[in-house]
Amino acid sequence: MTAALTALPTAFEAVKVDYAAVGPMLVVVAAALIGVLVEAFAPRLLRHTIQVVLTLTALVVAFVVLVLVSVDHHGVTVGGSIVIDGPALFMQGSLLIFAVLGILTMSERFGGRSADAFTPMGAATPGSPAEAAADRAGYATSEAFPLTMFAVFGMLMFVSANDLITMFVALEVLSLPLYVLTGLARRRRLLSQEASLKYFLLGAFSSAFFLFGAALLYGYAGSSDLSKIASAITTANGDLEGLLLPGVVLTLVGLLFKIGAVPFHSWTPDAYQGAPSPVTGFMAAATKLAAFGAILRLAYVGLEASRLEWRLGVAAIAVLTMVVGAVLSVTQTDIKRLLAYSSVAHAGFILVGVLAFDRTGVSGVMFYLVAYGLATIAAFAIVALVRSGGSEATHLSQWAGLGRKHPVLAGIFALLLLAFAGIPLTSGFTAKFAAFAPAIAHGGLAGVVMVVVGVLASAVTAFVYFRLIVLMYFTEPTGDDVAALTPSIASTIAITVGALGTVILGIVPGPILDLAGRVSQFIQ
Amino acid sequence: MNSLALLAAEGEVASATGITAYAWLLVLLPLAGAGLLLLGGKATNAWGHLLATALSWASFVVGLLVLLAMVGRGHEERAAHVGGWNFIPAGQFQLETGLLVDQLSIAFVLLITFVGSLIHVYSIGYMAHDPNRRKFFAYLNLFVASMLLLVLADSYLLLFVGWEGVGLASYLLIGFWNHNPAYATAANKAFFVNRVGDVGMSIAIMLMFATFGSVDFATVHAGAAEAGSTTMTVLGLLLLVGACAKSAQFPLQSWLGDAMAGPTPVSALIHAATMVTAGVYLVVRSHSIFDAAPNAQLAVAIVGAITLLYGAIVGCAKDDIKKALAASTMSQIGYMMLAAGLGPVGYAFAIFHLITHGFFKAGMFLGAGSVMHGMKDRVDMRGFGGLSGFMKITWVTFGLGWLAILGVPPFSGFWSKDKIIEAAFIGEGWRPWVFGGIAMIGAGITAFYMSRLFFMTFHGKKRWVDEHEDAERGVHPHESPLTMTVPMMVLAVGSGLLGLVLSWGGMFTHWLEPVVGAHGEEHPVLAVPVIMALTLLLVAGGAAYAWMLYWRDEVAVVAPRGSLVTQAARADLYQDAINEGLFMRPGTHLTRALVFTDGKGVDGVAGSLAAMIGGASSRLRRVQTGYARSYALTMLTGVVAVLGALWVMN
């Protein structure tokens with residue numbers, strides 16, 4: 001305790017901020033704040049348009065700033081709480097791209113006045129007269145856009161957080177807007193609100209684990225700084241050794257919750273099913289990437305020296321995640337829940353790459369996240385299009401024969417499913433290869449076992465995706481009035497980018513893999 | 001590439017020059033055809049099938065030119081490496097891919113493009129009235145392109161791409177008439193069994209990458225001798241799993257019979273001549289691995305021997321003409337696997353038999369298609385009989401194929417199959433007697449069931465009703481149009497003469513020597529003339545027995561109940577039940593979700609809903625109660641478990 005006290009600075013000093021390095025985050029958070037003002041002051045009819053233009057512009061500007069300016073500003077900044085290095089930049093860039101695609105899908109109106117996915121009035125009781133009135137009046141939940149921007153801000157910070165406190169703040173900043181967004185679905189409001197509440201409760205539970213773990217690590221190392229924790233582990237004096245393992249496990253649990261690793265995955269199917277589909281797509285792609293970014297940094301920068309103590313535990317979680325995700329996806333009858341369990345299984349596959357503890361593992365994981373994210377956003381954008389009587393047709397039986405009515409749409413969906421299954425010449429194959437090869441090369445026996453389980457699990461999931469393809473193409477339509485709406489240009493762009501990315505990363509993965517390989521070094 | 005470039009510098013595999021440098025056209029031409037037909041939509045309906053056929057022939061011409069260029073080079077300089085496409089160029093993963101044109105791959109190229117093109121031609125007639133003809137030809141082209149990629153790949157990774165490609169095309173073509181649910185089910189079964197093989201292949205590729213740092217043939221083969229024998233054995237067994245699934249070998253053979261649901265030209269091309277032989281190709285191509293792992297090699301031979309007998313026994317009881325031919329294909333590929341498992345003495349004969357088999361079996365399948373064409377698509381041979389007078393060309397061409405598969409001199413099968421039987425008798429200890437004995441007995445059974453098939457269809461008394469007598473159930477057998485019979489005639493010439501031509505002075509084995517390695521002069525445990533005489537005796541016996549039962553005597557129109565053995569054979573020797581037992585042994589329902597050989601699984605798939613009730617999945621699913629409190633409890637349990645386990649371990 002005295003050591004910590006003496007470490008305090010004698011006089012208060014303003015921290016130095018490298019504004020160029022954190023520029024993308026500033027742009028995003030500024031846009032989010034302006035978005036709040038727009039909600040307050042802009043006329044109702046214009047809000048949707050203003051918000052969409054504002055958020056997209058801000059995201060593009062942030063990306064440009066990132067590519068042109070921040071890349072030359074590597075280093076630790078904001079008083080040591082933010083670090084901008086290769087992995088951080090790569091993941092921030094990917095997050096911004098996911099955000100653009102996510103906003104594009106969220107802005108889908110199908111010719112109406114407001115975003116189709118969101119309820120006109122989030123606060124109204126489902127089915128109440130107030131809700132109906134709001135609908136008639138043409139209200140819109142355009143605050144979804146600033147909320148998304150806050151979440152993006154939190155994610156950008158999450159992947160570049162250099163100490164546990166910043167990491168926790170970022171975790172909350174990204175989570176809270178997502179809890180709200182989950183509850184904003186226009187249709188099946190009760191399901192959506194239930195999902196939102198569950199997600200919130202369990203999220204709070206996991207945050208508590210993280211915070212407790214962070215406190216234990218602080219107690220152990222005398223600092224919440226990742227690099228200081230690392231040096232404390234290597235120069236361990238033995239007194240507080242008992243704090244290390246629980247600290248490590250509990251912080252990791254907080255992060256594993258976000259990626260949906262088993263047994264911390266129970267929220268995933270409910271939240272994925274209840275949330276508006278475009279939000280689900282964004283959440284699945286971006287949250288997973290951000291959380292893996294944090295896990296990578298925590299594991300590779302902060303805790304690597306003690307990895308022998310906890311690695312097997314996480315390896316067991318990875319195996320469990322792959323198996324449970326794959327097996328449970330078999331019995332799902334709802335397309336969104338199916339994709340949720342598939343996302344659980346993918347989290348397990350990615351964890352295999354994380355546990356390689358090698359630079360190639362970092363690049364493999366980052367590549368996997370990009371490939372998976374692009375495919376996922378496009379997949380959920382397509383889910384949002386398939387309707388029966390106005391609301392989404394999510395039951396698998398309703399997808400029967402879709403390939404006959406909408407060959408192009410079903411074809412793209414089939415492509416995405418093949419990518420999820422890891423069939424060669426799609427991004428899924430190269431991604432699995434990039435994540436699994438380092439695990440075999442550097443992961444020892446545990447790595448080999450994980451990869452074997454991974455390959456078996458992906459064979460099981462291949463069955464699931466394949467069954468869906470069979471259903472779309474080879475089964476008679478059920479006679480339900482299921483039809484796909486014609487997407488607007490925004491959704492079309494998002495779906496096209498996702499599908500093209502899936503093909504390109506499958507056929508010429510070189511440039512992106514190369515990039516990921518070059519920027520895979522963390523700054524300690 | 002690095003390693004290949006290195007080898008090129010040493011003069012082992014030179015970079016291609018001249019026409020060989022354009023070998024990528026082989027793959028690209030049919031691929032372009034598939035693309036055009038699929039993307040071109042209805043605009044290509046009128047001429048799409050002609051374009052597809054032309055492109056397939058064009059690919060054959062390129063293959064022929066490449067062969068001529070190859071013959072022009074010296075014996076040792078014939079292999080050439082074409083181009084390099086850096087698939088994954090990043091950092092540590094250097095995955096350069098290119099084409100390897102050598103004696104082995106060019107033999108396959110010619111088989112695939114020649115038989116493939118003939119089957120394109122045949123399909124013009126066979127599929128003339130199908131509304132989806134364009135798609136059919138697009139898939140055929142896609143198949144040819146993938147198969148060519150498979151045999152031309154210079155690395156296991158690119159081979160795997162082709163491997164998946166042929167699987168996809170096969171799946172699309174088996175389920176082509178998917179309006180019939182049973183056909184879609186068959187397609188699914190093929191897909192899932194193949195996934196089991198793919199798991200083996202994927203792990204093998206990863207293991208190679210970990211062991212050798214590369215997955216191209218040159219590096220892997222160069223390193224195979226030095227790597228540990230355990231690794232090599234594991235690698236060999238994994239490749240064998242892949243080969244078994246693709247080539248319908250025991251215990252992954254269950255899908256082939258069902259795959260006969262596809263259009264007959266597909267059965268001829270994919271499930272007789274080319275794709276199903278990919279497993280044999282894989283084993284022969286990986287000969288360095290198997291040479292370094294005697295146990296894996298023995299496993300190959302055992303698998304081959306078991307399948308050889310299995311297919312032959314099942315073939316004796318099948319009344320469906322296509323399923324009988326499918327069983328025979330399985331058995332013949334068993335011969336090839338057996339040969340490949342014998343090591344250097346057998347590799348060349350495995351490929352030789354593969355080539356001749358490609359001709360005579362494709363010819364017989366096309367013949368079966370022609371019979372079905374004339375008999376209102378019926379397949380039950382008990383309803384045929386005495387067709388020789390009505391379909392002369394089909395009868396003669398089929399007859400040549402029949403003589404070839406029996407191994408009657410001087411027809412093709414005699415030259416290739418007898419060599420395998422002789423090679424199986426080479427060795428020490430129990431092996432030559434067991435393998436040689438099985439191969440020889442197999443030849444006798446083959447003679448019986450193939451003669452049975454031939455006599456039941458073309459000879460004996462007619463067991464069908466003429467159309468004049470009964471318009472409803474009657475048939476009007478007639479010869480097929482020329483587009484169908486000409487390919488049959490060409491293949492029949494191959495069935496007759498190819499074996500003799502290729503074995504003239506050991507030409508073909510000598511041709512393959514630089515690839516598979518030479519072997520010293522070895523003598524079978526029995527004298528060659530004795531083996532040959534015994535084999536011919538067994539063949540004659542089998543054929544005579546079939547003649548007694550199915551030509552001389554009356555054949556029942558409804559299959560008699562038969563003995564227990566017959567019943568078992570009719571039920572594919574209970575392969576589904578056996579498979580289930582084999583894969584269920586781990587006691588998990590998880591594997592069941594993988595294998596899907598049991599009818600329930602497959603029906604569930606086709607039944608459009610997730611119907612794997614009773615499996616682990618639905619049991620696990622109950623944990624997902626929907627209550628936030630139980631979710632939180634799960635999380636807490638997880639934390640406590642992980643923490644507790646780690647605490648104990650440390």
Side-chain angles (χ1 to χ4, degrees), chain A residues 197-198 201-202 205-206 209 245-246 249-250 253 257 263-264 266-267 269-270 309-310 312-313 316-317 323-324 327-328 330-333 360 363 396-397 400 423-425 430 433-434 436-437 440-441 451-452 455-456 459-460 462-463 466-467 470-471 473-475 509-510 513-514 516-518, chain B residues 86-93 157 160-161 164-165 168 175 178 184 187-188 191-192 195-196 198-199 202-203 206-207 209-210 589-590 593-594 596 605-606 608-610 612-613 615-618 620-621 623-624 626 628 630-632 634-639 641-643 645-647 649-650:
Chain A
L197 188 66
K198 276 185 197 164
L201 285 175
L202 296 170
F205 195 45
S206 81
F209 280 121
L245 192 62
V249 170
L250 294 178
V253 164
F257 172 84
F264 319 113
S266 356
W267 62 277
D270 291 356
E309 292 168 29
W310 53 268
L312 271 184
I317 287 178
V323 172
V324 170
V327 171
L328 272 177
V330 172
T331 37
Q332 298 309 314
T333 52
T360 52
S363 59
L396 283 188
S397 63
I423 303 293
L425 293 185
T430 35
F433 189 86
F436 285 178
I440 288 199
V451 169
V452 171
V455 174
L456 290 172
V460 174
F463 157 66
F466 175 70
R467 183 185 56 194
V470 170
L471 193 66
Y473 281 97
F474 296 149
T475 312
L513 258 183
D514 202 29
R518 270 190 283 119
Chain B
N86 213 340
F87 187 53
I88 300 184
Q92 203 182 336
F93 317 114
L157 188 77
F160 191 53
V161 173
E164 293 284 306
L168 174 71
N178 54 47
N188 291 350
F191 180 88
F192 291 121
R195 288 306 298 181
V196 176
D198 291 348
V199 171
S202 324
I203 300 178
M206 301 244 179
L207 187 61
F209 199 83
H589 291 272
L590 214 135
L594 264 173
F596 296 104
V605 179
S608 88
L609 280 180
M612 301 296 293
I613 295 160
S617 189
S618 36
L620 266 173
R621 199 176 163 192
V623 179
Q624 193 76 13
S630 56
Y631 293 177
T634 321
M635 283 173 64
L636 189 64
T637 318
V639 173
V642 172
L643 209 51
L646 287 180
W647 233 320
M649 275 194 294
N650 290 313

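Each chain gets a letter, A, B and so on, in the order the sequences are listed, and its residues count up from 1.
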Problem - Region of B/Ala632 that comes under 4.5 Å of a non-hydrogen atom in chain A - result: both

Practice task
Pick one of side chain, backbone, both or neither for B/Val639, based on which atoms fall under 4.5 Å of a heavy atom in chain A.
Solution key: both

Practice task
Name all residues meeting the side chain to side chain contact (heavy atoms under 4.5 Å, CB included) criterion together with B/Leu207; count only those two or more places apart in sequence or in a different chain, and write none if there are none.
Solution key: B/Thr211, B/Thr231, B/Val234, B/Leu235, B/Leu238

Handout entry: Set of side chain to side chain contact (heavy atoms under 4.5 Å, CB included) partners for A/Val451, sequence neighbours left out
Key = A/Val352, A/Phe436, A/Ala439, A/Ile440, A/Val455, B/Met206

Problem - Contact class of A/Ile317 relative to chain B, heavy atoms under 4.5 angstrom - result: side chain

Handout entry: Side chain to side chain, B/Ser202 and B/Phe160, heavy atoms closer than 4.5 Å
Key = yes

Handout entry: Sidechain-backbone polar pair: A/Trp310 side chain, B/Leu643 backbone, donor-acceptor under 3.5 Å
Key = no

